[in-house]
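Taking it in order: structure first as structure tokens, then the write-up.
Note that this is a predicted model, so its numbers are computed, not measured.
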Amino acid sequence: MGKFKIHEEVTNQEVNEWRLYFQYGTYSFDDGTEPQTGYRFIWRRNGRLQPARGQARIPSKQHLTELLDLATEEGWY
């Protein structure tokens, strides 16, 4: 098990009350493994993360490119 600390995030639009976020942050692990930085997509509604295991479904290529473009515009590296 581990935790994800958000450093940056962008979202583009509401989809059925859920919003898809693209996030950059640090993954910390309970087993003592060294923390790692990386990116993830995740759904959130009313401030709460989607209670699911596995990957976030990205509805379309357009959603993907919009989120990547927003992150680039905000100066993410």
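- Note on ring orientation: taking the six-membered ring where Trp is involved, the planes of Tyr24 and His7 are tilted (angle from 30° to 60°).
- No side-chain heavy atom of Phe22 sits less than 4.5 Å from a side-chain heavy atom of Leu70.
- The backbone N or O of Gly2 lies less than 3.5 Å from no partner atom in the side chain of Ser28, so there is not a single donor-acceptor pair.
- Rounded to the nearest 0.5 Å, atoms CZ (Phe4) and CD (Gln23) are 5.5 Å apart.
- Looking only at side-chain heavy atoms (C-beta outward), Trp76 and Val10 come within less than 4.5 Å of each other.
- A donor-acceptor contact shorter than 3.5 Å links the side chain of Trp43 to the backbone of Arg57.
- A salt bridge does not link Arg19 with Glu9: none of the charged nitrogens is closer than 4.0 Å to a carboxylate oxygen.
- Between Thr33 and Tyr27 there is no side-chain heavy-atom pair separated by less than 4.5 Å.
- Expressed to the nearest 0.5 Å, how far CG of Asp30 lies from NZ of Lys3 amounts to 7.0 Å.
- Ile42 CD1 to Thr11 OG1: the interatomic distance, rounded to the nearest 0.5 Å, is 12.0 Å.
- Atom CD of Glu34 sits about 10.5 Å away from atom CZ of Phe29, to the nearest 0.5 Å.
- Between the NE2 atom in His63 and the CG atom in Leu68 there is a gap of 12.5 Å [rounded to 0.5 Å].
- Taken from CD in Glu66 to CD1 in Ile58, the straight-line distance is 12.0 Å, to the nearest 0.5 Å.
- Considering all non-hydrogen atoms of both residues, Arg44 and Trp18 come closest at C-CE3, 3.5 Å.
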